[in-house]
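Basis for what follows: all heavy atoms, side chains included, without hydrogens, waters or symmetry-related copies.
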Amino acid sequence: MNEVVEKTGLLAEPAGKGVVPRTDAVTAKKEPRILVCDGNEAAAWGVVLSRPDMVAVYPITPQSSLAEYVAQFVADGVLDAELVEAEGEHSVLSVLHGAALAGARTYTASCGQGLAFMFEPYFRTPNLRLPIVMSIVNRDGITPQCVWGGQQDAMTVREVGWVQLFCETVQEVLDTIVMAYRIAEDRSVMLPVNVNHDGNYLSNGIVRIELPDQAEVNDFLGTPDVNWHAALDPDRPMGVDPLTGGATGPGPALFVGYRRGHCEGMQNALRVIVEVHEEWARRFGRRYAPLVEEYRLDEADHALVTIGSMAGAAKDAVDAARDRGERVGLIRIKTLRPFPLDAMVAALDKVRAVGVVDRAVSYGWNSGPVHQETLAALQHCRHRIPCLSLIGGLAGADLTQTHFERAIAETAKLLDAPCPREPVWLNAEDR
């Protein structure tokens, strides 16, 4: 047990397996293969390129076709992985716990009520420091009955301890899944990663994508390095996840060691996410803002804050407003956990008012969860900046350029008037 605390809580250097070093650059870069596909197929191709040893999935709308694509790739021999079709989401993640502890690189996907059914092992995964990668094809919650897109699922579990990345485009979905393994398996992080893409919009929207060369991705990822800290190994027996804590004895200090190590891993992830995105851009030519994207913030008076696929329509609205002479910009959050406080404060400090558009609600605060995150970041800004909550896109509702033009107009009012406490419900009058 002490060995687990030492290596998991404090992340000491391992005594076991090593990592095959990656080369600094690919010398003979190959032309990418072009595909026309939807976001769930792109995610499945990201899984293929990442070469997991085991995949466990249970289908649920709008994630189902992702699970089907992965299963088809395994059946066709495109992906050489062990496929486990479990009886439910709780078993899906439990199976992957055992596989990761045995040294396997692993993958799964879920959303909505499936994620809710998975919650017990989902909570355990980051505390075991298992670098599992999992897509969440974002879906709103029930009740009323709903199978459509929204971000209530991911926002509800954002305090559990997974790294959470949100994508704007289908190409970004594929690229981020590959990058997620580098982030998760970095020895200073060793945490599971959720790659979020919005259900219906990114899961089913069909676009052109570039498929990187497998050899180049292999060189980028290197050899899986999954269980050096806590391994199921008969020759090196150890207790994994023993009863820990209590009021007296060494339990409280051990528990603190686990939690503190987890927090340190999350903070280390901020640096690693930046480094991995930078290397991806250098090798594959596609650059994404790793933490926070600043869009047309130069000389902006006010800005919208967005997350996920909605950013595309929001950028169109910002462009149109700029054409009209309005000084508005946009801040897109790519990394929600760990929260990129410094990057967010740097962006917020450039404007005098912000409007935060959420695709989920924060019950009890009468606003959106990203609005709450932004309010916390604003406490570190140089000046007091009013922050309006706008909620839209629930249960698959469209968030169009017209909705964002209204969001810009409502945010502009904060420059001359007090900020209302009530949120603006962007789809409330849609018919």
Could you tell me whether [X] and [Y] make a salt bridge, using a distance below 4.0 angstrom between a side-chain N and a carboxylate O?
| X | Y | value |
| --- | --- | --- |
| Glu373 | Arg337 | yes |
| Asp53 | Arg105 | no |
| Arg287 | Glu293 | no |
| Arg208 | Glu210 | yes |
| Lys334 | Glu172 | yes |
| Glu275 | Arg271 | yes |

For [X] and [Y], work out which heavy atoms get closest and say how close.
| X | Y | value |
| --- | --- | --- |
| Val292 | Pro340 | CG2-CG, 3.7 Å |
| Ala407 | Val357 | CB-CG2, 4.4 Å |
| Ile273 | Pro290 | CG2-O, 3.6 Å |
| Arg406 | Trp425 | NH1-O, 3.6 Å |
| Tyr181 | Thr106 | OH-O, 2.9 Å |
| Phe166 | Gly308 | CB-N, 4.2 Å |

Does atom [atom1] ([X]) have a neighbourhood of more than 12 heavy atoms from anything else shown, all under 6.0 Å?
| X | atom1 | result |
| --- | --- | --- |
| Glu120 | CD | yes |
| Asp323 | CG | yes |
| Glu299 | CD | no |

With no hydrogens and no angle check, do the side chains of Ser135 and Tyr107 hold a donor and an acceptor under 3.5 Å apart?
-> yes
Main chain of [Y], side chain of [X]: is a donor-acceptor contact present, judged purely on distance under 3.5 Å?
| X | Y | value |
| --- | --- | --- |
| Gln164 | Val195 | no |
| Arg182 | Phe220 | yes |
| Asp213 | Glu216 | yes |
| His197 | Val170 | no |
| Gln63 | Ile60 | yes |
| Arg139 | Thr61 | yes |
| His371 | Ser367 | no |
| Asp198 | Ser309 | yes |
| Asp38 | Gly205 | no |
| Asn268 | Ser188 | yes |

Can you confirm whether [X] sits close enough to [Y] that some side-chain heavy atom of one is under 4.5 Å from a side-chain heavy atom of the other?
| X | Y | answer |
| --- | --- | --- |
| Leu399 | Asn427 | yes |
| Glu405 | Arg324 | yes |
| Glu326 | Arg322 | no |
| Tyr258 | Asn127 | no |
| Arg296 | Asp319 | yes |
| Phe119 | Val160 | yes |
| His277 | Val274 | no |

Trp280 and Tyr288: aromatic ring centres closer than 6.0 Å?
-> no
Are Trp45 and Tyr69 an aromatic pair by the rule of ring centers under 6.0 Å?
->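 No - the distance between ring centres of Trp45 and Tyr69 does not fall below the 6.0 Å cut-off.
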Stepwise side-chain hydrogen bond (donor to acceptor under 3.5 Å, both in side chains) test for Asp398 and His403 = CA-CA 9 Å; Asp398 282 337; His403 291 109; over 6 Å; no
If you draw the axis of the six-membered ring of Tyr201, does the NZ or CZ of Arg359 fall within 45° of it and under 6.0 Å from the ring centre?
-> yes
Show your working on salt bridge (charged side-chain N to carboxylate O under 4.0 Å, His left out) between Glu294 and Lys350 and close with a plain yes or no.
-> CA-CA 10 Å; Glu294 297 184 11; Lys350 296 179 179 178; 2.5 Å; yes
For Arg283 and Glu278, run salt bridge (charged side-chain N to carboxylate O under 4.0 Å, His left out): C-alpha distance rounded to whole Å, both residues' side-chain angles, the deciding distance at 0.1 Å, then the answer.
-> CA-CA 9 Å; Arg283 286 175 177 254; Glu278 182 59 34; over 6 Å; no
Report the distance from atom CG of Asp140 to atom CD of Gln152, rounding to the nearest 0.5 Å.
-> 6.0 Å
Go through Asp80 and Arg51 one step at a time and tell me if the salt bridge (charged side-chain N to carboxylate O under 4.0 Å, His left out) criterion holds.
-> CA-CA 7 Å; Asp80 181 19; Arg51 297 181 304 132; over 6 Å; no
